[in-house]
*Asks:* 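Pasting in a structure now, in structure tokens, and then I'll have a few things to ask.
One-based numbering along the sequence shown. Small disclaimer: the values here were computed from a predicted structure and weren't measured.
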Amino acid sequence: NSYYKCSVRTPDITYQVMKGGVVNCYLYDGSAQAQLPSVRHYENGLGQFWTRTIDYEYYSGGVTFYVTDSDFAGDAPGLLKFRLMIAL
């Protein structure tokens, strides 16, 4: 099971947020955003299909993002930008 992950520390996700708040994460390209999890289906020029899933988990003090391609080819996902919305 091959995937990429990136963990980010943020003091804004506190114990209080964990007990009674919410953390929403978005994939952000500077002009549009998509709420996670994001599931996209792709086809290359050879007629091969795969699905890319981007999801996350958060915990007190941080968040981890995961990128998994259904073909498990191991191709790096490249630069991705995320936006967090944290509410108590």
Side-chain angles (χ1 to χ4, degrees):
N1 292 337
S2 173
Y3 60 87
Y4 286 86
K5 74 176 185 175
C6 176
S7 296
V8 179
R9 296 172 71 159
T10 176
D12 296 325
I13 303 177
T14 62
Y15 175 77
Q16 288 79 17
V17 170
M18 293 297 298
K19 290 218 28 137
V22 65
V23 177
N24 289 317
C25 296
Y26 300 85
L27 183 60
Y28 182 67
D29 72 3
S31 62
Q33 59 188 16
Q35 188 169 7
L36 298 183
S38 172
V39 179
R40 300 279 184 215
H41 308 286
Y42 297 94
E43 178 183 8
N44 65 16
L46 301 173
Q48 298 167 323
F49 298 93
W50 74 95
T51 300
R52 172 167 282 179
T53 302
I54 304 172
D55 60 325
Y56 68 100
E57 62 187 14
Y58 63 92
Y59 42 88
S60 185
V63 61
T64 299
F65 298 96
Y66 298 91
V67 178
T68 307
D69 290 338
S70 63
D71 62 0
F72 300 110
D75 297 331
L79 178 65
L80 299 173
K81 295 181 184 180
F82 299 98
R83 182 171 179 235
L84 298 177
M85 292 183 66
I86 302 167
L88 242 172

*Asks:* What pair of heavy atoms forms the shortest contact from Arg52 to Ala76, and how long is it?
*Replies:*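 Heavy-atom minimum between the residues: NH2-O, 4.5 Å.
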*Asks:* Within the 4.5 Å heavy-atom criterion, are Thr53 and Tyr66 side-chain neighbours or not?
*Replies:*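 The answer is no, as the side chains (C-beta and beyond) never meet within the 4.5 Å cut-off.
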*Asks:* Let me confirm one number: the OG-CD distance from Ser7 to Glu57, rounded to the nearest 0.5 Å.
*Replies:*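 One finds 8.0 Å between OG of Ser7 and CD of Glu57.
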*Asks:* When Tyr3 is tested against each of Asp55, Thr68, Val67 for side-chain contact (heavy atoms from CB on, under 4.5 Å), which residue passes?
*Replies:*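 It is Thr68, the one option of Asp55, Thr68, Val67 that forms the side-chain contact (heavy atoms from CB on, under 4.5 Å) with Tyr3.
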*Asks:* Determine the sole option in Asp69, Asp71, Val39 for which the side-chain contact (heavy atoms from CB on, under 4.5 Å) test with Thr51 is passed.
*Replies:*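 Answer to the side-chain contact (heavy atoms from CB on, under 4.5 Å) test with Thr51 among Asp69, Asp71, Val39: Val39.
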*Asks:* Name all residues meeting the side-chain contact (heavy atoms from CB on, under 4.5 Å) criterion together with Ser31; count only those two or more places apart in sequence or in a different chain, and write none if there are none.
*Replies:*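 side-chain contact (heavy atoms from CB on, under 4.5 Å) check on Ser31 returns Asp29.
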*Asks:* Using the side chain to side chain contact (heavy atoms under 4.5 Å, CB included) rule, take Leu84 and Val63 through it: C-alpha gap first, then chi angles, then the decisive distance, then the call.
*Replies:* CA-CA 9 Å; Leu84 298 177; Val63 61; 4.1 Å; yes
*Asks:* With hydrophobic residues grouped by side-chain heavy-atom distances under 4.5 Å, do Ile86 and Val8 end up in a single group?
*Replies:*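 Yes, same cluster.
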*Asks:* To the nearest 0.5 Å, what is the distance between OG1 (Thr14) and CG (Leu88)?
*Replies:*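 Separation between the atoms: 5.5 Å.
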*Asks:* Side-chain contact test, heavy atoms from C-beta onward, threshold under 4.5 Å: evaluate it for Asp12 versus Val17 and give yes or no.
*Replies:*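 Sidechains of Val17 and Asp12: no contact.
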*Asks:* Can you measure from CD (Gln35) to CE (Met85) and round to the nearest 0.5 angstrom?
*Replies:*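 It comes to 9.0 Å.
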*Asks:* Looking at residues at least two apart in the chain, or sitting in another chain, which of them share a side-chain contact (heavy atoms from CB on, under 4.5 Å) with Phe82?
*Replies:*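 Checked Phe82 against side-chain contact (heavy atoms from CB on, under 4.5 Å); matches are Leu27, Leu36, Ile54, Phe65, Leu80.
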*Asks:* Does either side chain, that of Thr10 or that of Tyr58, offer a donor lying less than 3.5 Å from an acceptor on the other one?
*Replies:*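 Note: Thr10 and Tyr58 side chains miss the donor-acceptor criterion.
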